[in-house]
Amino acid sequence: MFSRDEILEKLKAQVSEKRFKHCLGVEKAAGELAERYGADVATARLAGLLHDYAKELPDSDFLALIDQYKLDPDLKNWGNNVWHGMVGWLKVRADFPGIAPEILRAIESHTVGSGEMTTLDKIVYVADYIEAGRDFEGVEEAREIAERSLDAAVAYETARTVEFLAQKYIKIYPQTIETYNAYIEFLEG
Ligand code: GDP
Ligand code: FE
Ligand code: FE
């Protein structure tokens, strides 16, 4: 496998300085959540570090990957926000041979979630939202919720994202709605 230095070097070559710092923040937050919720810390940290590895790939690369790996052709109707996770995991797999499938899966769903998330999926999804470098309205509440329930934190983040997208009249990927419906009960009553 790759040393941490090799991984950092490869990541640095793929993303801007700002995005690189965000990835380090997600690595740390994911490690802390893994400790709290009994997941493997090293695995969670690596998934957090690499979650946005494909964020700055050109659209043409994502479109080619969708064809090459025969992913759902509907993906072509979306954009970078959806592609960097739902398609980007294939780039991570290509550049890091032997990487654990559960890490690829967590990267795949890190933006839109899914109706059936593993603990690692939830950790990366939530860590991405609450890492120390994030500063937006609601992030403090998200951090507080993440201290008491990982499922409630998934629900809160998804609800806020759906709200944000709808307010801007941006299309919502159906899997995001699935995540909302599967987890929102953890915030009710
Ligand atoms: P980032 O990569 O660290 O910036 O964070 P994410 O991967 O979580 O999200 C990237 C962008 O995708 C954000 O602007 C989200 O609001 C947006 N996003 C999340 N869910 C959806 C969705 O269902 N549809 C669309 N179009 N965008 C989404
Ligand atoms: Fe992302
Ligand atoms: Fe991110």
Side-chain angles (χ1 to χ4, degrees), residues 7-8 10-12 14-33 44-59 61-63 65-66 71-72 74-93 95 103-115 117 120-139 142-143 145-146 150 153-184:
I7 294 168
L8 291 177
K10 284 166 85 79
L11 178 61
K12 233 182 190 149
Q14 288 292 323
V15 299
S16 68
E17 188 62 29
K18 186 165 177 250
R19 178 70 42 190
F20 182 75
K21 288 208 177 98
H22 163 67
C23 292
L24 293 177
V26 178
E27 176 187 44
K28 182 162 186 283
E32 289 166 3
L33 288 172
R45 283 178 57 89
L46 182 55
L49 184 62
L50 291 178
H51 81 288
D52 274 342
Y53 183 78
K55 181 87 177 185
E56 291 166 26
L57 282 192
D59 289 359
D61 283 22
F62 288 117
L63 291 166
L65 285 165
I66 293 166
L71 300 187
D72 181 356
D74 171 66
L75 273 168
K76 291 190 178 181
N77 300 317
W78 298 82
N80 178 277
N81 283 349
V82 168
W83 292 337
H84 80 280
M86 291 299 290
V87 185
W89 67 275
L90 288 163
K91 171 73 175 162
V92 179
R93 189 177 68 171
D95 287 7
I103 292 179
L104 297 173
R105 178 195 156 112
I107 292 171
E108 180 179 13
S109 63
H110 89 264
T111 306
V112 299
S114 79
M117 297 170 81
L120 181 64
D121 295 343
K122 293 174 199 170
I123 284 172
V124 175
Y125 184 81
V126 171
D128 187 18
Y129 200 69
I130 66 169
E131 63 98 355
R134 294 289 205 199
D135 183 18
F136 53 83
E137 206 210 304
V139 72
R143 287 180 183 130
I145 295 168
L150 194 53
V154 168
Y156 181 80
E157 170 179 344
T158 310
R160 296 307 301 258
T161 298
V162 166
E163 193 180 17
F164 168 84
L165 295 168
Q167 210 151 46
K168 295 191 165 239
Y169 308 131
I170 297 172
K171 276 203 292 185
I172 298 170
Y173 193 64
Q175 198 168 310
T176 299
I177 303 295
E178 263 178 52
T179 309
Y180 178 86
N181 287 334
Y183 289 93
I184 199 62

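Order of appearance sets the numbers: ligands from 1, and atoms from 1 within every ligand. If you read the sequence from its start, that first residue is 1, and numbering goes on from there. FYI, side chains are in, hydrogens and waters are out, and symmetry mates aren't considered; it's all heavy atoms of this structure.
For the residue pair Tyr180/Thr161, the side-chain donor-acceptor check at 3.5 Å is not satisfied.
Not one N or O on the side chain of His22 forms a donor-acceptor pair closer than 3.5 Å with the backbone of Arg19. No side-chain donor-acceptor contact under 3.5 Å links Gln14 to the backbone of Ala54. Looking only at distances, a side-chain donor or acceptor of Asn80 sits under 3.5 Å from a matching main-chain atom of Lys55. At least one donor-acceptor pair under 3.5 Å links the side chain of Arg143 to the backbone N or O of Ile130.
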Quiz item: Where do Leu49 and Val26 land on the side-chain contact (heavy atoms from CB on, under 4.5 Å) test, with the steps shown first?
Solution: CA-CA 6 Å; Leu49 184 62; Val26 178; over 6 Å; no

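Taking every heavy atom of both residues into account, Ala159 and Ile184 meet most closely at CB-CD1, 4.1 Å.
Protein residues having a heavy atom under 4.0 Å from any atom of ligand 1 are Arg19, His22, Asp52, Lys55, Asn81, His84, His110, Thr111, Asp128, Arg134, Thr161, Phe164, Leu165, Ile170, Lys171, Ile172, Tyr173, Thr176, listed by chain and number.
Inside a sphere of radius 2.8 Å centred on the Fe ion (ligand 3), the protein N/O/S atoms present are His22 NE2, His51 NE2, Asp52 OD2, Asp128 OD1.
Arg160 has no carboxylate O lying under 4.0 Å from a charged side-chain N of Glu157, or vice versa, which leaves the two without a salt bridge.
Looking at Thr111 and Tyr173, their side chains never come closer than 4.5 Å, going by heavy atoms from C-beta outward.
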